[in-house]
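Report on the following structure.
Proteins get letters first, then strands, A, B, ... in listed order; numbering begins at 1 in each.
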2 protein chains.
Amino acid sequence: MQSSPPENNRTRATRSVTLDDVAKLAGVSPITVSRVLNHPDKVAVKTLEKVQKAIALTGYVPNMLAGGLASKRSRLIAAIVPSIANSVYAETIKFFSERMRDAGYQVLLGESGHKQEQEESLIATILRSRPDGIFLTGINHSPQAKKMLFAANIPVVETWDITPTPLDVVVGFSHQDVGRAVAEYFVDKGFERIGILSAEDHRAQLRQQSFLKVLERKGKTDVSISTVPVPTSFLAGRIGMARLLDEGFIDGAVFSSSDTLAQGALAEIQSRGLEIPRQIALVGFGDQPYAAHTVPPLTTVKFDRALIGQKAADALISRFNNEKFDQKIVDVGFQLIERQTT
Amino acid sequence: MQSSPPENNRTRATRSVTLDDVAKLAGVSPITVSRVLNHPDKVAVKTLEKVQKAIALTGYVPNMLAGGLASKRSRLIAAIVPSIANSVYAETIKFFSERMRDAGYQVLLGESGHKQEQEESLIATILRSRPDGIFLTGINHSPQAKKMLFAANIPVVETWDITPTPLDVVVGFSHQDVGRAVAEYFVDKGFERIGILSAEDHRAQLRQQSFLKVLERKGKTDVSISTVPVPTSFLAGRIGMARLLDEGFIDGAVFSSSDTLAQGALAEIQSRGLEIPRQIALVGFGDQPYAAHTVPPLTTVKFDRALIGQKAADALISRFNNEKFDQKIVDVGFQLIERQTT
DNA sequence: GGAGCAGATGGTAGCGCTATCATTTATCTC
DNA sequence: GAGATAAATGATAGCGCTACCATCTGCTCC
């Protein structure tokens, strides 16, 4: 037998300060302390100060698990993106979580890897934390996922795309419109040969389809397509472009499904000593910060990633506050930025 | 008065399935259902199946808030990075959260914006969720932050840097060593003029200091320094490099504090028609995916971002499991990758 | 065949907080 | 200054789960 007891009374030893401790020290009831934290306007100024002093003195940290259980509001928000490491999604999340934090919510992040089944299992897991709302990327979800979301009975905001039939709210823009706009731009500029450098990404495919449809209508059916797997990269752009070039593609314009790919393509074109845009023209997608500063500066499709994040947060917050005005569909639009690669 | 009641009985109406419901349906006690979920090996196979059937039938989703409150294990992990949108940190987080998820934990993400006071307030907020562990970037934290972390009494893993005195565990590498290694490499290669293109980032400054110290010892005190603010960008790299070039820097080697800056620098150098590496040599930092494929391929310092994330997760997980072996300091090292910009 | 034991299951209590309603105290009106 | 109203505070109960210990069953063993 040991003289000092083992660590099995850890719970007691490390027991942290609770709301009751603060209440006792301040000489008020626990519920008053709760009010100081959650509805300070409903407490007399004198009491408020007394309690706040006690909070500071004890170093009290509210327990959101207990609060969430009692109030049925976890103040947690789930966010699911295809890829955390892709700065394009990361930027949306940055602005989304910033605004959610300002409103008193914390963000639980998950990565679906562009896979529906992974998104589904992620939703199942993340719902255990009883988030008050959920941020999804895209509008395509498995039936089971939709069922779970419906059963969870919480606000859902879908992003990055647009649909007349969102699960709840959708914030994004039309990828079909993007495809059409670029196709029409290529036709207007009079490019003879047309190519596509695209990732195997759902939204990229949407853009590609409408892009091709417009060209077809104009009689252009001979479009060279180079597809690369997700996640995309600079290297994938080089390889994808190399494939196009090796097949004899020249004196034409290429629509790339991302700026990252376009940047790789740029490198490949330059390494072959071809002239941009005279021999190869290029349009990116995303207007990443570097797009304006590549050599030559990249023509690309711009849309506001930050705005998507903010509007998505606003949509959830207005739902939480039971606000009347609920715009179910928020189109943030896009813009073709003409620089020097076309 | 309305004929149908208003929505104030929402709690009852949308009341979700609880563990008790499952227990009743399966004809067992609630605690047995709990065991099925948390310790399935302690339940008879027959009972297990019966309960699992009931779970599937009811669509039961465990409530982690309740479970966490009762067990004092939230299965939440807090992670704080300087910048979510910076793919370098994002990649570490990706691998960290992947491994944590496999172990049954979810990640709460926060952004400190490279600021200590913001990190501090973030820690205060995030501790309310009673995370079981916390992932920090860097080893510099405010005294108040350290106090809160200590009071929280949970495992802490600091990353991206190394120190003999971590708060708890540290996973990273020595930035001083990086600075020294690059300086020695420049001296060995015989570069006459030396420049620095660096962000106002704490770790970049560490590298810069030891870099300068080595050069000084070799008698090189005339180093041109161009500093740019965080967050860094391609454009910042161009601007920073332009400043160096405008000051007459030529026929020398530049140590850039990130590949992003280096890529911008590359564009600036090329746009001026200077030859790489004959007139300007360049070393980046990070070995981003594109570094090997720029034109010309970038010499840079490589370190394993994924490994940092994984090792950090492993450190926390081994702590949770009360495993004996606890390596307090995990050095993942780095490597100078010589390509064609030097 | 009954002591002894491991394995399976259940009862009780409580984690730390907040919703709800009740009560007390301050403020107002004429 | 009595009565009415509003503001401030408190008592009670319970959110959904798990730790802890108790109980029960079936089995082995000599």
For [X] and [N], give me the distance from atom [atom1] to atom [atom2], rounded to whole Å.
| X | N | atom1 | atom2 | answer |
| --- | --- | --- | --- | --- |
| A/Leu65 | C/dC17 | CG | P | 10 Å |
| A/Arg75 | C/dC17 | CZ | P | 15 Å |
| B/Lys42 | C/dG10 | NZ | C1' | 15 Å |
| B/Met64 | D/dC17 | CE | P | 12 Å |
| A/Lys24 | D/dG10 | NZ | P | 14 Å |
| B/Ile55 | D/dG16 | CD1 | C1' | 14 Å |
| B/Asp41 | C/dA6 | CG | P | 17 Å |
| B/Lys46 | D/dT25 | NZ | P | 16 Å |

Item to check | B/Arg75/B/Asp132 salt bridge by N-O under 4.0 Å criterion | outcome: no
Next on the checklist: Between A/Glu158 and A/His141, does the side-chain hydrogen bond (donor to acceptor under 3.5 Å, both in side chains) criterion hold? Intermediate values first, please.
Outcome noted: CA-CA 10 Å; A/Glu158 293 168 279; A/His141 320 288; 2.9 Å; yes
Between [options], spot the one nearest the side chain of [X], thanks.
| X | options | answer |
| --- | --- | --- |
| A/Tyr60 | C/dG10, D/dG10, C/dC17 | C/dC17 |
| A/Val43 | D/dT9, C/dG10, C/dC15 | D/dT9 |
| A/Ala44 | D/dA8, D/dG16, C/dG10 | D/dA8 |
| A/Lys72 | D/dG14, D/dG16, D/dA19 | D/dG16 |
| B/His39 | D/dA8, D/dC17, D/dA19 | D/dA19 |
| A/Thr47 | D/dT9, C/dA19, D/dC17 | D/dT9 |
| A/Ser34 | C/dC17, C/dT18, D/dT18 | C/dT18 |
| B/Thr18 | C/dG16, D/dG16, D/dG10 | D/dG16 |
| B/Ile31 | D/dC17, C/dT18, D/dC20 | D/dC20 |

Next on the checklist: If you compare every side-chain N and O of A/Thr32 against the phosphate oxygens of D/dT9 (OP1, OP2), does one of them come in below 4.0 Å?
Outcome noted: no
Checklist entry - Taking only N and O in the side chain of B/Asn63, is any of them less than 4.0 Å away from OP1 or OP2 of D/dC15? => result no
Checklist entry - Does B/Arg35 get its side chain close enough to the base of C/dG10, under 3.5 Å, for a donor-acceptor pair? => result yes
Next on the checklist: Let me spell it out: for each of B/Ser29 and B/Ala66, pick the nucleotide of DNA chain C with the closest heavy atom. Which residue's pick is nearer the 5' end?
Outcome noted: B/Ser29
Item to check | Residue met sooner reading DNA chain C from 5', once B/Arg130 and B/Pro30 are mapped to nucleotides | outcome: B/Pro30
Item to check | Steps toward side-chain hydrogen bond (donor to acceptor under 3.5 Å, both in side chains) verdict (B/Tyr105, B/Arg73) | outcome: CA-CA 10 Å; B/Tyr105 294 84; B/Arg73 303 182 63 201; 3.0 Å; yes
Next on the checklist: A/Val43 and side chain to side chain contact (heavy atoms under 4.5 Å, CB included): which single residue from A/Val36, A/Val51, A/Val28 fits?
Outcome noted: A/Val36
Item to check | From B/Trp160, B/Tyr89, B/Phe96, residue fulfilling ring-ring contact (aromatic ring centres under 6.0 Å, His included) relative to B/Phe135 | outcome: B/Phe96
Item to check | Residue A/Lys328 excluded, over 12 heavy atoms near NZ under 6.0 Å | outcome: yes
